[in-house]
Number of protein chains: 2
Amino acid sequence: MSDRDRGLAPVERSAGLAHRVPDLGALELLLAVARLGSLGRAAQSLGITQPAASSRIRSMERQLGVALVDRSPRGSSLTDAGALVTDWARRIVEAAEAFDVGAQALRDRRDSRLRVAASMTIAEYLLPGWLIALRAERPDTAVSLLAGNSTVVAERLLADEADLGFVEGPTVPAGLDAAVIAHDHLIVVTAPDHPWARRRKPLDAAELASTPLILREKGSGTRQVLEGALGGLARPLIELSSTTAVKSSALSGAGPAVLSELALGEELSARRLVRIPVEGIRLRRALRAVWPTGHRPAGPARDLLSLTRGPAT
Amino acid sequence: MSDRDRGLAPVERSAGLAHRVPDLGALELLLAVARLGSLGRAAQSLGITQPAASSRIRSMERQLGVALVDRSPRGSSLTDAGALVTDWARRIVEAAEAFDVGAQALRDRRDSRLRVAASMTIAEYLLPGWLIALRAERPDTAVSLLAGNSTVVAERLLADEADLGFVEGPTVPAGLDAAVIAHDHLIVVTAPDHPWARRRKPLDAAELASTPLILREKGSGTRQVLEGALGGLARPLIELSSTTAVKSSALSGAGPAVLSELALGEELSARRLVRIPVEGIRLRRALRAVWPTGHRPAGPARDLLSLTRGPAT
DNA sequence: CTCGGGCATAAGCTGGAGTTATGAGCGACC
DNA sequence: GGTCGCTCATAACTCCAGCTTATGCCCGAG
């Protein structure tokens, strides 16, 4: 746990991100202004009055110390700095939308119409995006979400307490039909100052197996896939109980880590972590949609399923 | 513009994401509770009192309709739902951190010690991450940021109004030394219900050149790279003036788009957009750090440069 | 049995964000 | 040139979310 602590807070924050970043309402307002070209219309689109919007944008500019919008009697447009800030803001708002749909699904546990049961990795990283897309097509579908391992997912489906499930790993629980919807690739990453980050040649299996790695605990999905690919061998440097903890340790430079590419977005593109190519072994596992044998998904479940696979068939 | 509007708001929001998602302070608090295992310690770490934390977590639970933490006289730990929510929250907080360092750099324009000039794409998608890493190593470095095209970046550097620059594209402005720090790959994407999403075979250059695409305007960096790779041919379906607008149009299903992989994170992994493989042409451009000829980066500029390349040399 | 860490409750204060009402700048149009 | 219409800014007031301090309950450890 203490490793996780250090990993998550490598630098002492001057206590209060919230005081330096505008709140979600202000960010949404800024995006609306960028989109609609006027404070008044932006205000209207958010259901507040124009003076409220004006004051809020102004206080955001004061907080950031930068002018964000050019006001004129003919409308408002973003300044150069405003355009930059708006794109950063969009990232936050998109993350908030994912949070929202996830939370919505969680909240509607009792009285919902589409009940989804999913493994942790899928529930964390993929489902929010799918549900955003689903909401775009079927805005009035209430979705509930339960997260658990394959066994739990299977139980819920068979007890008719869920309509559609998602599991990861090589096997399909008994009594369920399945369709592979994607593959989750496990990748090897290090902090950018690790010697591996400067290698020219890809790693091979023997090298990977002989190096102590930051791993999930024995029995976890990712660990199983890795040990399967390596023929049972895997040397843990540290064993941690969540994907996030593994990521944090890798970020803090503890060593090479193996984790799902789904968990790594910005860390790779911003080079806070570096992907180390591996050759000769296939580090991937199938992600499957599952449902009780015979009960082909219909209605909202079918809609969601088709979203995860591409075109509706 | 109206295309952009539709792209950004394909579904009518029930006005007020901010009312359904806890504010940043609450999310930070939740992360602190997860990390520290106690409301009191979490409160302390954020500089507030224990009752404030208690009440805030409680109101967040009320808002979400789900219990997030198990309280006991021996501390607090996350419930299953809490763990899920915490991971979604982490995404938001990380986006907010990127916003914060970017804004900080923008704010310190006047009196800063490390002055960076960068192209829009780099300033939007990469610099915040690098600056987070830089702050971890050199917490007291004040960074300023100016965003503009290659010409602007060169001017600033040569006028000694910037210490380090970042540009994208095939050429290095005169009077500057450069080092390639990464390559930005352009990729072809469509919405998942586009016929291309079901292809088995990769696209070839002729096919790409003969299909109308959603593109940036003529003269933009990505457009130049594409036309270079295709030998001057590119059929625009729509021309838009920002990467974000291109992404939005693609998301709304207007057609295939070509854009930087940097701009696509969650959209690909959540299959809201699908990457279409292309063979036979190289759609990439170099990202370069630049500085006035002879003035090798030193001090903070050197630190930042080394972060973008990996190990400090 | 008492102490201490951890959480909950109560009462009071404050500031931020909202509202309505009003004014001022500027282009369009008759 | 007046007048409309759209824009944004300012002022005065209300209200509530979140903070604080003070206090009490619970429960395990010594």
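Below, chains carry the letters A, B, ... as their sequence lines are ordered, and counting in each starts from 1.
The interatomic distance linking B/Arg74 (CZ) with D/dG30 (C1') rounds to 14 Å, in whole Å. Between B/Gln50 atom CD and D/dT23 atom C1' the separation is 12 Å, expressed in whole Å. Whole-Å rounding puts the A/Leu29 CG to D/dC8 C1' distance at 13 Å. A straight line from CD1 of B/Ile57 to C1' of D/dA17 spans 16 Å, rounded to a whole angstrom. D/dC8 atom C1' lies 13 Å from atom CZ of A/Arg41, rounded to whole Å. Between the CD atom of A/Gln44 and the P atom of C/dT19 there is a distance of 12 Å, rounded to whole Å. We find that NE2 of B/His19 is positioned 18 Å from P of C/dG16, with the value rounded to whole Å. Atoms CZ (B/Arg62) and P (D/dC16) sit 14 Å apart, rounded to a whole Å.
Inspection of the A/Thr243 and A/Arg216 side chains reveals an N or O donor paired with an N or O acceptor under 3.5 Å.
Between B/Glu267 and A/Arg91, no side-chain nitrogen of the basic residue sits less than 4.0 Å from a carboxylate oxygen of the acidic one, so the salt-bridge criterion is not met. Taking the charged nitrogens against the carboxylate oxygens, A/Arg223 and A/Glu239 do have a contact shorter than 4.0 Å, which makes a salt bridge. Under 4.0 Å is where a charged nitrogen must lie from a carboxylate oxygen, and between A/Arg56 and A/Asp23 at least one such pair does.
Within the 4.5 Å cutoff, no side-chain heavy atoms of B/Val66 are placed close to those of B/Glu61.
Comparing C/dG6, D/dC8, C/dA17 against the side chain of B/Ser38 picks out C/dG6 as the nearest. Of the candidates D/dC8, C/dG5, C/dC7, the closest approach to any side-chain atom of B/Pro73 belongs to C/dG5. The side chain of B/Ile48 lies closest to D/dC19 when the candidates are D/dC19, C/dA8, D/dC8. Relative to the side chain of A/Ala52, the nucleotides C/dG25, C/dT19, D/dA9 differ in distance, and C/dT19 lies closest. Here the side chain of B/Arg58 is nearest to one of D/dC8, C/dG6, C/dA8, namely C/dA8.
Looking at heavy-atom distances under 4.0 Å, A/Asp70 makes no contact with the nucleic acid at all.
Mapping B/Ser55 and A/Arg56 onto DNA chain C by nearest heavy atom places B/Ser55 at the nucleotide closer to the 5' end.
Regarding contacts with the backbone of C/dG18, every side-chain N or O of A/Thr49 stays at 4.0 angstrom or more from both OP1 and OP2. A close approach under 4.0 Å does not occur between any side-chain nitrogen or oxygen of A/Ser72 and OP1 or OP2 of C/dG25.
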